[in-house]
Number of protein chains: 2
Amino acid sequence: MSQRQPPPVEAGPYRSHCAIARTLDLLGDKWTLLVLRDALFFDVSTFAGFCQRPEQVPTNLLAARLKKLVAAGLMEKVAYQQRPTRYQYLPTAVAKELIPALLALKQFGDNYLQD
Amino acid sequence: MSQRQPPPVEAGPYRSHCAIARTLDLLGDKWTLLVLRDALFFDVSTFAGFCQRPEQVPTNLLAARLKKLVAAGLMEKVAYQQRPTRYQYLPTAVAKELIPALLALKQFGDNYLQD
DNA sequence: CTGGATCCTGATGGATACTG
DNA sequence: CAGTATCCATCAGGATCCAG
């Protein structure tokens with residue numbers, strides 16, 4: 001319970017001091033949380049892997065979202081192979097703290113939005 | 001536990017069958033969840049009330065979001081006065097089911113996003 | 001061939017002015 | 001007060017291009 005947590009992340013400036021508004025400033029668009037879903041729940045880690053998901057994110061938007069998430073400290077870009085260099089995008093410990101929110105959104109969709 | 005729940009809501013078409021993606025199709029923008037936050041946590045119900053919140057949503061976007069939320073069954077538009085007719089926007093039972101997700105997002109913001 | 005960057009076009013966002 | 005209309009800036013999405 002009182003274990004040390006990762007440090008807060010800078011991703012502002014924000015619209016207001018409300019924590020919900022701040023979170024939405026960072027994650028509140030159509031793709032960012034989907035990328036995190038794939039990284040956290042489906043173990044997707046390569047650029048191509050994210051592209052191949054059913055929602056078909058455009059490559060330019062994916063590149064932009066990954067950059068933003070790396071800058072915000074939610075994902076880490078790691079080279080896992082040389083010649084040619086290949087990168088992996090891995091969720092950080094901070095990103096894992098979004099799991100409860102993602103599950104709550106999933107539950108809402110399951111229960112109240114028809115497919 | 002087994003009490004009857006409100007019926008599912010039509011708000012598609014959706015990008016995929018994933019419940020998270022569906023929820024994000026409906027709510028995943030910078031303003032929609034903020035409007036619901038105000039309605040659910042701060043008892044805001046009038047057009048002007050939403051406008052006056054610290055994030056200062058533009059009136060055209062507020063009108064569009066309220067329309068969408070009413071169409072999706074998450075808010076109800078109710079006349080509460082005649083001559084001139086005044087309307088209130090009230091969260092439905094379905095909207096209240098988003099409270100856990102909003103609290104999870106707030107917790108993330110509180111813990112990991114610096115102000 | 002993979003991982004992106006670039007480009008172009010239409011859609012959306014945001015500020016503000018205006019109207020019933 | 002409750003929205004609509006307008007105008008401009010930015011973003012989304014798709015196609016293509018380029019570098020390693």
Side-chain angles (χ1 to χ4, degrees), chain A residues 11-16 18 21-22 24-36 38-39 43-72 75-90, chain B residues 11-16 21-22 24-36 38-39 43-72 75-91:
Chain A
Y14 299 113
R15 283 175 290 181
S16 78
C18 170
R22 253 181 290 143
L24 260 22
D25 279 340
L26 178 59
L27 309 172
D29 67 78
K30 283 180 59 165
W31 293 110
T32 304
L33 283 171
L34 246 37
V35 170
L36 287 166
D38 293 336
D43 290 315
V44 176
S45 64
T46 63
F47 195 92
F50 288 106
C51 286
Q52 288 159 10
R53 305 251 67 219
E55 293 85 6
Q56 297 276 306
V57 55
T59 61
N60 56 342
L61 299 185
L62 176 60
R65 295 300 177 271
L66 288 172
K67 198 165 293 187
K68 181 178 72 171
L69 288 169
V70 169
M75 302 203 69
E76 216 178 346
K77 181 177 182 174
V78 182
Y80 70 96
Q81 175 189 303
Q82 299 296 335
R83 196 169 284 95
T85 310
R86 290 286 154 74
Y87 294 99
Q88 250 181 334
Y89 295 88
L90 300 173
Chain B
Y14 300 114
R15 283 175 290 182
S16 78
R22 257 181 288 141
L24 260 21
D25 279 338
L26 178 60
L27 308 172
D29 67 78
K30 281 181 62 167
W31 293 110
T32 304
L33 283 170
L34 248 34
V35 170
L36 288 166
D38 293 337
D43 290 314
V44 176
S45 63
T46 63
F47 196 93
F50 288 107
C51 286
Q52 288 158 10
R53 306 250 67 221
E55 293 86 6
Q56 297 276 303
V57 55
T59 59
N60 56 344
L61 297 186
L62 176 60
R65 295 301 177 269
L66 288 172
K67 199 163 294 188
K68 182 178 69 170
L69 287 168
V70 169
M75 301 203 69
E76 216 179 345
K77 181 176 183 173
V78 183
Y80 70 98
Q81 175 191 301
Q82 300 293 335
R83 195 169 285 99
T85 310
R86 293 283 156 74
Y87 294 100
Q88 250 178 333
Y89 294 89
L90 300 173

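Bear in mind the structure is a predicted one, so any value in this text is a computation, not a measurement.
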#### Entry: Derivation of the side chain to side chain contact (heavy atoms under 4.5 Å, CB included) call for A:Leu36 and A:Met75
CA-CA 9 Å; A:Leu36 287 166; A:Met75 302 203 69; 4.3 Å; yes

Rounded to whole Å, how long is the line connecting atom [atom1] of [X] with atom [atom2] of [N]?
X       : N      : atom1 : atom2 : value
A:Leu62 : D:dC11 : CG    : P     : 17 Å
A:Phe47 : D:dC18 : CZ    : P     : 18 Å
A:Arg86 : D:dA19 : CZ    : P     : 17 Å
B:Tyr89 : D:dA2  : OH    : P     : 9 Å

Within this structure, what is the [atom1]-[atom2] distance for the pair [X] and [Y], rounded to the nearest 0.5 Å?
X       : Y       : atom1 : atom2 : value
B:Asp38 : B:Leu33 : CG    : CG    : 11.0 Å
B:Leu69 : B:Leu26 : CG    : CG    : 7.0 Å
B:Asp29 : B:Arg65 : CG    : CZ    : 4.5 Å

### Query
OP1, OP2 of D:dG20 versus side-chain N and O of A:Tyr87: anything below 4.0 Å?
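So the side-chain polar atoms of A:Tyr87 never come under 4.0 Å of the phosphate oxygens OP1 or OP2 of D:dG20.
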
### Message
Can you tell me if A:Tyr80 touches the phosphate of C:dT2, counting only side-chain N or O atoms and a distance under 4.0 Å to OP1 or OP2?
### Response
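No, A:Tyr80 has no side-chain N/O under 4.0 Å of OP1/OP2 on C:dT2.
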
### Query
Which pair of non-hydrogen atoms, one from A:Val44 and one from A:Phe50, has the smallest distance, and what is that distance?
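Looking at all heavy atoms of both residues, the closest pair is CG1-N, 3.3 Å.
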
### Query
Could you run down nucleotides 5-20 of chain C 5' to 3' and tag each one B, S or - for protein heavy-atom contact under 4.0 Å?
BBB-----SBBBB---

### Message
Could you tell me if the side chain of B:Asp25 sits less than 4.5 Å from the side chain of A:Lys30, heavy atoms only?
### Response
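Of all side-chain heavy-atom pairs linking B:Asp25 with A:Lys30, at least one is under 4.5 Å.
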
### Query
At under 4.0 Å between heavy atoms, what does B:Phe50 touch on the DNA or RNA strands: base, sugar-phosphate, or nothing?
nothing

### Query
Base, sugar-phosphate alone, or nothing: which one does B:Thr46 contact when heavy atoms must sit under 4.0 Å apart?
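Here B:Thr46 touches the backbone only, sparing every base.
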
